[in-house]
2 protein chains.
Amino acid sequence: MFSKACEYGIKATVHICIRSQQHERVSLKNIAEKIDSPIAFTAKILQSLAKNDIINSSKGAKGGYEMSEDNFNKITLLDIVKAIDGDNIYNGCGLGYKNCNAKKPCPMHFQFKSIRDDLKKMLETTTLQELADDINEGTSFLVR
Amino acid sequence: MFSKACEYGIKATVHICIRSQQHERVSLKNIAEKIDSPIAFTAKILQSLAKNDIINSSKGAKGGYEMSEDNFNKITLLDIVKAIDGDNIYNGCGLGYKNCNAKKPCPMHFQFKSIRDDLKKMLETTTLQELADDINEGTSFLVR
DNA sequence: ACAAACTCGGATAAATTTATCCGATATAGA
DNA sequence: TCTATATCGGATAAATTTATCCGAGTTTGT
Ligand code: FES
Ligand code: FES
């Protein structure tokens with residue numbers, strides 16, 4: 001469904017969000033450990049998240065990643081997925097045609113579109129705050 | 001969402017189904033032309049569809065691929081997806097954990113599961129017959 | 001000024017997916 | 001039997017995704 005990069009990106013952002021709620025900045029090393037991801041690969045992903053203004057990065061000693069409070073319930077899963085995997089998963093044709101076009105639908109269009117639309121709605125309405133809250137409440141888990 | 005192999009596999013099976021309704025056997029070359037796919041790669045996919053008893057293949061002159069009438073409304077998209085991409089897309093965890101486990105859910109579980117379940121239901125209830133009918137009626141299109 | 005602790009970003013490598021090539025084999029028909 | 005026409009299946013190559021390495025630059029604290 002999502003790329004590995006995107007999965008890491010979502011987990012990393014959730015972790016950063018939780019720590020930012022506690023006003024703590026986290027290092028790359030800490031993130032990779034917490035979400036169990038390859039460190040250098042995670043660095044690339046964090047860079048692109050930073051370029052998309054989803055997280056902030058600071059260089060140097062005591063540097064690391066953080067998220068502004070404004071973003072807690074402003075950034076959604078869609079922002080992250082879009083930044084890393086692009087919009088194909090929630091806009092593209094299920095059978096791989098360049099565009100999904102209801103005027104000239106592919107054989108799977110009618111069955112596929114509504115699910116894709118639900119996915120899109122889910123992604124754009126799910127905020128990091130929500131995901132972080134569940135983890136803080138022990139309802140869901142970042143590691144397993 | 002689906003792999004290229006799976007997209008080709010779905011298109012190919014739909015095409016074979018339509019031709020089989022007309023009691024015609026189709027060659028690899030014809031399939032690859034009709035669905036606009038790389039010919040040798042398509043051959044591999046058709047082989048695995050044949051091994052999974054989704055289509056039948058015949059060697060030699062006048063050989064090719066066909067589908068038994070019984071399969072028209074027995075084979076679903078799920079059968080094809082399962083044969084080519086496996087079951088991860090409709091059973092696996094959205095954040096890449098080995099298993100989706102409601103007892104120890106990942107941060108995206110509650111949001112993701114219902115969409116994944118809808119996708120699964122769609123795949124297992126959509127038969128080739130339906131897809132073929134739409135194309136025959138001009139409601140959807142195999143090529144674009 | 002210096003060292004330690006960080007991220008940045010380019011180069012490279014490994015793994016997987018996608019795609020091609022070709023000899024072996026099977027079938028139909030002349 | 002011979003030839004043309006097919007798929008089969010193993011080897012290989014290209015492209016993309018995933019992962020690693022390392023020098024350069026930045027910031028903090030001594
Ligand atoms: S045209 Fe393929 S999903 Fe809409
Ligand atoms: S545990 Fe991740 S989707 Fe269920």
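Every chain is numbered from 1, with letters handed out A, B, ... down the list of sequences. Quick caveat, the model's predicted, so the values are computed rather than measured.
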Novice: Let me check the geometry of the helix from dA1(C)-dT30(D) to dA30(C)-dT1(D). What is the bend angle between the axes at its two ends, five pairs each, to 10°?
Specialist: 0°

Novice: Keeping to residues at least two apart or across chains, list the salt bridge (Lys or Arg N to Asp or Glu O under 4.0 Å) pairs with something in residues 8-22 of chain A.
Specialist: Arg19(A)-Glu24(A)

Novice: Just N and O in the side chain of Gln47(B): are any of them under 4.0 Å from OP1 or OP2 of dG9(D)?
Specialist: yes

Novice: Residues in salt bridge (Lys or Arg N to Asp or Glu O under 4.0 Å) with Glu69(B), at least two apart?
Specialist: none

Novice: Donor-acceptor pairs are to be reported for all side-chain atoms of residues 29-48 of chain B against protein atoms at under 3.5 Å, with residues two or more places apart or in another chain.
Specialist:
{"unit_1": "Asn30(B)", "atom_1": "OD1", "unit_2": "His15(B)", "atom_2": "NE2", "d": "2.8"}
{"unit_1": "Ser37(B)", "atom_1": "OG", "unit_2": "Thr42(B)", "atom_2": "OG1", "d": "2.6"}
{"unit_1": "Thr42(B)", "atom_1": "OG1", "unit_2": "Pro38(B)", "atom_2": "O", "d": "2.6"}
{"unit_1": "Ser48(B)", "atom_1": "OG", "unit_2": "Ile45(B)", "atom_2": "O", "d": "3.3"}

Novice: Under the salt bridge (Lys or Arg N to Asp or Glu O under 4.0 Å) definition, can you give me all pairs with a residue in residues 112-140 of chain B, not counting sequence neighbours?
Specialist: Lys113(B)-Asp117(B)

Novice: Please examine the side chains of Leu131(B) and Cys17(B), heavy atoms only from C-beta on, and report whether any two atoms are closer than 4.5 Å.
Specialist: no

Novice: Name each donor-acceptor pair under 3.5 Å that joins a side chain in residues 96-109 of chain A to protein atoms two or more places apart or in another chain, with its distance.
Specialist:
{"unit_1": "Tyr97(A)", "atom_1": "OH", "unit_2": "Leu142(B)", "atom_2": "O", "d": "2.1"}
{"unit_1": "Asn101(A)", "atom_1": "OD1", "unit_2": "Lys103(A)", "atom_2": "N", "d": "2.8"}

Novice: Mind listing the side-chain donor-acceptor pairs of residues 78-87 of chain B below 3.5 Å, one per line with the distance, residues two or more places apart or on another chain?
Specialist:
{"unit_1": "Asp79(B)", "atom_1": "OD2", "unit_2": "Thr76(B)", "atom_2": "N", "d": "2.8"}
{"unit_1": "Asp79(B)", "atom_1": "OD2", "unit_2": "Thr76(B)", "atom_2": "OG1", "d": "3.3"}
{"unit_1": "Asp85(B)", "atom_1": "OD1", "unit_2": "Ser3(B)", "atom_2": "OG", "d": "2.5"}
{"unit_1": "Asp85(B)", "atom_1": "OD2", "unit_2": "Ser3(B)", "atom_2": "N", "d": "3.0"}
{"unit_1": "Asp85(B)", "atom_1": "OD2", "unit_2": "Ser3(B)", "atom_2": "OG", "d": "3.4"}
{"unit_1": "Asp87(B)", "atom_1": "OD2", "unit_2": "Asn91(B)", "atom_2": "ND2", "d": "3.3"}

Novice: What string of B, S and - do you get for nucleotides 19-30 of chain D 5' to 3' if you count protein non-hydrogen atoms under 4.0 Å?
Specialist: BB-----BBS--

Novice: By salt bridge (Lys or Arg N to Asp or Glu O under 4.0 Å), which residues pair with Lys4(A), not counting sequence neighbours?
Specialist: Glu7(A)

Novice: By a strict heavy-atom criterion of less than 4.0 Å, which residues belonging to residues 21-31 of chain B are in contact with DNA chain D?
Specialist: Ser27(B), Leu28(B)

Novice: For DNA chain D, what residues of residues 12-20 of chain B have any heavy atom nearer than 4.0 Å?
Specialist: none

Novice: At a heavy-atom distance below 4.0 Å, what parts of residues 77-86 of chain A sit against DNA chain D?
Specialist: none

